[in-house]
Visitor: 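Pasting a structure here, questions to come.
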Amino acid sequence: MDYRVQGNDIIVFEPDLDLDETLDCGQAFRWKKIPSDYECTYEGAFLNDKLTVSQLSKGSFIFHNTDENAFISRWISYFDFETDYSELKRAFSEDETLSKACSFAGGIRLLRQDSWECLISFIISQNNNIPRIKGIIDRLCDNYHGRFPDHEQLSRETADTLSYLRSGFRAKYLADAAAKVADGSADLAKIAEMPIENARNELKKIKGVGPKVAECVLLFGMYRTEAFPVDVWIKRVLAEYYPGGFPGYLSDKAGIAQQYLFHYIRSISKDKE
DNA sequence: CGCCAGGACGCCC
DNA sequence: GGGCGTCATGGC
């Protein structure tokens with residue numbers, strides 16, 4: 001990644017990033033595509049820092065109204081710019097299916113998101129579809145002036161007072177997650193550092209957090225790249241392309257590989273329709 | 001109308 | 001431990 005300051009903006013050069021592929025691939029739900037004269041433009045946030053970012057062309061971007069300090073302290077980490085995805089994809093390409101997935105959408109990166117926001121978001125995601133997940137999270141943030149509520153704020157709610165979300169049976173799970181994080185019985189910072197099996201078990205003590213959601217929180221919210229969420233789409237990939245199991249030599253980065261596969265199989269299925 | 005969605009829970013055996 | 005019905009909501 002290379003960048004330069006241009007007025008109030010930062011111009012970024014990174015061949016291994018595509019905004020559509022990274023911000024709209026089901027790992028984060030709060031980025032919104034807005035009309036612009038650029039290839040594409042997204043508005044979103046990490047914690048309390050909002051961002052408008054545009055793709056100018058393949059591999060070049062503009063971080064609007066972003067000063068260099070904020071870019072360095074916040075967005076380099078969030079977009080995982082310190083990781084060399086070309087090198088990652090070279091390793092992935094030793095596998096035939098993964099090689100196809102990487103050439104299909106090579107601009108996917110694993111975002112380093114906030115663990116609390118991921119916990120809530122992926123509890124909402126269970127047995128749900130992506131457009132509706134986004135809608136529920138929109139209504140949640142609208143209720144807090146456009147910001148994602150912290151655990152203190154959400155712990156004051158109950159399943160009843162959360163009915164405006166129209167999140168269905170998941171509302172009681174959200175209330176339990178907020179209560180456990182707020183009272184310290186679920187310490188997300190501590191869980192993030194645990195051996196992965198212990199971390200899974202701790203997360204699953206929260207109601208509504210099973211194997212899949214725990215894995216998503218570990219991968220997307222704690223940058224545990226060995227976490228490997230298996231949803232209905234990845235089940236199809238495993239059954240069709242990896243009947244003998246997922247390659248072991250990829251295990252420490254399996255979660256990142258999973259992102260390419262998830263996007264790939266969903267796109268193929270759409271084409272068939 | 002029925003089927004599905006980045007599943008988990010409760011109950012059964 | 002595995003199998004199965006149920007759980008809200010909305011898009012298709």
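Residue numbers begin at 1 in each chain, while the letters A, B, ... track the order of the sequences.
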Visitor: Tell me the interatomic distance from W233(A), atom CH2, to dG7(B), atom C1', rounded to whole angstroms.
Guide: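 Atom CH2 in W233(A) sits about 16 Å away from atom C1' in dG7(B).
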
Visitor: Counting the benzene-type ring for Trp, do F79(A) and F61(A) have ring centres under 6.0 Å apart?
Guide: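 No, they do not, as the ring centres are separated by 6.0 Å or more.
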
Visitor: Determine which nucleotide pairs with dG7(B), using a 3.5 Å limit on both distances of a Watson-Crick or G-U wobble pair.
Guide: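 Its partner is dC7(C).
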
Visitor: P atom, dA8(B) versus dG11(C): distance in rounded Å?
Guide: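 These two P atoms come out 24 Å apart once rounded.
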
Visitor: Tell me if the centroids of the rings in F29(A) and F122(A) come within less than 6.0 Å of each other.
Guide: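 So the answer is yes for these two rings.
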
Visitor: Contact class for C118(A) vs. all strands (heavy atom < 4.0 Å): base, sugar-phosphate, or nothing?
Guide: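 The answer is nothing, as C118(A) stays clear of every strand by at least 4.0 Å.
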
Visitor: Could you state the atom-to-atom distance from CD1 of I123(A) to C1' of dT9(C) in whole Å?
Guide: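 I123(A) atom CD1 is separated from dT9(C) atom C1' by 18 Å.
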
Visitor: Heavy atoms under 4.0 Å, any strand shown: does E215(A) hit a base, just sugar-phosphate, or nothing?
Guide: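 Answer is nothing: E215(A) stays at 4.0 Å or more from every strand.
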
Visitor: Within this structure, what is the CZ-to-C1' distance between F122(A) and dG7(B), rounded to whole angstrom?
Guide: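 Distance check: F122(A) CZ to dG7(B) C1' gives 13 Å.
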
Visitor: dC7(C) P sits how many Å from L174(A) CG, rounded?
Guide: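 So the CG-P distance, L174(A) to dC7(C), works out to 19 Å.
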
Visitor: Should L238(A) and K235(A) count as side-chain neighbours, where that means a heavy-atom distance under 4.5 Å?
Guide: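 When only atoms from C-beta onward are counted, K235(A) and L238(A) do not touch, as no gap falls below 4.5 Å.
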
Visitor: Hey, does P131(A) reach any base, or is it just sugar-phosphate, or nothing, if we go heavy atoms under 4.0 Å?
Guide: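 No contact at all - P131(A) keeps every heavy atom at 4.0 Å or more from the nucleic acid.
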
Visitor: Name the nucleic acid region contacted by G208(A), choosing base, sugar-phosphate or nothing; use a 4.0 angstrom heavy-atom cut-off, strictly under.
Guide: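 Sugar-phosphate, backbone atoms only, no base.
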
Visitor: Centroid separation under 6.0 Å, is that true for the rings of H64(A) and Y42(A)?
Guide: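 Centroid separation for Y42(A) and H64(A): 6.0 Å or greater.
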
Visitor: Base, sugar-phosphate or nothing for F262(A)? Non-hydrogen atoms, less than 4.0 Å.
Guide: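 Base, at least one base atom sits under 4.0 Å.
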
Visitor: Measure CG/L203(A) against P/dC9(B) and give the value in whole Å, please.
Guide: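 Spelled out: CG on L203(A) to P on dC9(B) is 12 Å.
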
Visitor: Do any side-chain nitrogens or oxygens of R266(A) fall under 4.0 Å of OP1 or OP2 in dC4(B)?
Guide: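 It does not, given that no N or O in the side chain of R266(A) lies less than 4.0 Å from OP1 or OP2 of dC4(B).
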
Visitor: Base, sugar-phosphate alone, or nothing: which one does V230(A) contact when heavy atoms must sit under 4.0 Å apart?
Guide: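 No contact.
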
Visitor: State yes or no: are the ring centers of F13(A) and Y3(A) separated by less than 6.0 Å?
Guide: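 Distance test on ring centres: not under 6.0 Å, no.
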
Visitor: Between Y173(A) and R139(A), which has a closest nucleotide on DNA chain C that is more 5'?
Guide: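 Going by which nucleotide is closer to the 5' end, it is Y173(A).
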
Visitor: Expressed as a whole number of angstroms, how long is the span from R166(A):CZ to dG11(C):P?
Guide: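 Nearest whole value for this atom pair: 9 Å.
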
Visitor: Should the side chain of R132(A) and the base of dT9(C) be counted as holding a donor-acceptor pair, with the cut-off at 3.5 Å?
Guide: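 Under the 3.5 Å cut-off, the side chain and the base do form a donor-acceptor pair.
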
Visitor: Taking the nucleotide of DNA chain B with the closest heavy atom to each, which residue, R170(A) or K212(A), is nearer the 5' end?
Guide: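 Nearest nucleotide further toward 5': that of R170(A).
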
Visitor: Looking at Y78(A), I'd like to know if the NZ or CZ of R112(A) sits under 6.0 Å from its six-membered ring centre while staying within 45 degrees of the ring's axis.
Guide: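 No, a cation-pi geometry is absent between R112(A) and Y78(A).
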
Visitor: Grab the CD-P distance between Q126(A) and dC9(B) for me, whole Å please.
Guide: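 After rounding, the reported distance stands at 7 Å.
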
Visitor: Report the residue (K204(A) or F29(A)) whose heavy-atom-nearest nucleotide on DNA chain B is the more 5′ of the two.
Guide: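 Whichever sits nearer the 5' end wins; that is F29(A).
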
Visitor: Expressed in angstrom and rounded to an integer, what is the separation of L119(A) atom CG from dG7(B) atom C1'?
Guide: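 Distance check: L119(A) CG to dG7(B) C1' gives 15 Å.
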
